[in-house]
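Everything numeric in this text was worked out from a predicted model, so none of it was measured.
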Amino acid sequence: QGQLVESGGGSVQAGGSLRLSCVVSSSGLKNVCLGWFRQIPGKEREGVAHLDNFGEAGYGEFTKGRFTVSRDKSTGTLHLEMNYLKPEDSAMYYCAADPSHFWGCSWSSFNTWGKGTQVTVSS
């Protein structure tokens, strides 16, 4: 079992919603910057959302208020609520951690990855 394990992906129609979850099993990662990235085949991985230990979140511009990242510290779980999904949101979604930062998350600092969960949005 990896340190970051994603779940919640699936197939949904455009306009629908999905909630992704990432169980953080390593105690050393529970209080650091956590985030979500996505990758479409043939394209570079891009940042979706990140959240520091104090609740400060950052989002990729394409989310435009449709996505919300949250963490449940009691269970060590990171969530991504995705609403008003579009076909272009179809991708493999990865949970990630930046062990070196508790705050001030930076997209380029994430270096610990889960195996991903697939999201497919049909038109």
Side-chain angles (χ1 to χ4, degrees):
Q1 194 78 343
Q3 299 181 90
L4 304 172
V5 180
E6 306 93 335
S7 64
S11 297
V12 65
Q13 288 192 325
S17 300
L18 281 174
R19 187 184 196 219
L20 305 184
S21 297
C22 172
V23 174
V24 182
S25 60
S26 169
S27 60
L29 298 181
K30 291 184 185 297
N31 297 314
V32 300
C33 283
L34 297 174
W36 290 96
F37 289 73
R38 70 184 190 183
Q39 188 167 24
I40 300 168
K43 295 191 176 182
E44 290 190 0
R45 190 175 294 183
E46 63 179 343
V48 178
H50 58 61
L51 189 65
D52 71 13
N53 192 42
F54 301 100
E56 187 72 22
Y59 294 91
E61 187 175 343
F62 61 86
T63 63
K64 294 183 178 178
R66 299 182 297 130
F67 295 2
T68 303
V69 63
S70 62
R71 68 199 294 170
D72 182 339
K73 290 189 176 182
S74 66
T75 62
T77 305
L78 182 73
H79 298 287
L80 181 68
E81 186 76 33
M82 304 187 294
N83 298 310
Y84 304 106
L85 284 163
K86 306 174 183 180
E88 51 263 43
D89 292 319
S90 297
M92 184 70 79
Y93 282 72
Y94 297 90
C95 180
D98 170 13
S100 61
H101 291 92
F102 296 96
W103 59 277
C105 304
S106 171
W107 297 117
S108 61
S109 297
F110 287 85
N111 60 12
T112 302
W113 302 91
K115 293 185 177 181
T117 185
Q118 179 68 41
V119 170
T120 302
V121 185
S122 59
S123 58

Is there side-chain contact between [X] and [Y], with heavy atoms separated by less than 4.5 Å?
X	Y	answer
Leu78	Trp36	yes
Val24	Leu4	yes
Asn31	Asn53	yes
Cys22	Leu34	no

What closest approach, in Å, do [X] and [Y] show between heavy atoms, and which atom pair accounts for it?
X	Y	result
Asn83	Ser17	OD1-OG, 2.8 Å
Gly9	Leu20	N-CD2, 3.6 Å
Pro99	Leu29	CG-CD2, 3.8 Å
Gln118	Ala91	NE2-O, 3.3 Å
Leu80	Ala49	CD1-CB, 4.1 Å
Ser21	Thr77	CB-CG2, 4.1 Å

Working to the nearest 0.5 angstrom, can you tell me the gap between [X] [atom1] and [Y] [atom2]?
X	Y	atom1	atom2	value
Cys33	Asp52	SG	CG	5.5 Å
Leu85	Thr120	CG	OG1	11.0 Å
Ser7	Tyr93	OG	OH	15.0 Å
Trp103	Leu51	CH2	CG	15.0 Å
Arg45	Trp107	CZ	CH2	13.0 Å
Lys115	Met92	NZ	CE	11.5 Å

Qualifying salt bridge (Lys or Arg N to Asp or Glu O under 4.0 Å) pairs with a residue from [range], counting only residues at least two apart or across chains:
range	answer
residues 14-25	Arg19-Glu81
residues 5-14	none
residues 64-77	Arg66-Asp89

Q: Kindly state each residue pair satisfying ring-ring contact (aromatic ring centres under 6.0 Å, His included) with at least one member in residues 56-75, sequence neighbours excluded.
A: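 As it turns out, there is no ring-ring contact (aromatic ring centres under 6.0 Å, His included) pair with a partner in residues 56-75 once direct neighbours are skipped.
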Q. Within a reach of under 6.0 Å around CD of Glu46, are more than 12 heavy atoms found that belong to other residues, nucleotides or ligands?
A.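 Atom CD in Glu46 is crowded, with more than 12 foreign heavy atoms closer than 6.0 Å.
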Q: List the steps and the verdict of side chain to side chain contact (heavy atoms under 4.5 Å, CB included) for Val12 and Met82.
A: CA-CA 11 Å; Val12 65; Met82 304 187 294; over 6 Å; no
**Q.** Partner set under ring-ring contact (aromatic ring centres under 6.0 Å, His included) for Trp113, not counting sequence neighbours
**A.**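 Listed in chain order: Phe37.
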Q) Mind checking who shares a hydrophobic cluster with Ile40, ILVMFWY linked at side-chain heavy-atom distances under 4.5 Å? A)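 Its cluster mates, by chain and number: none.
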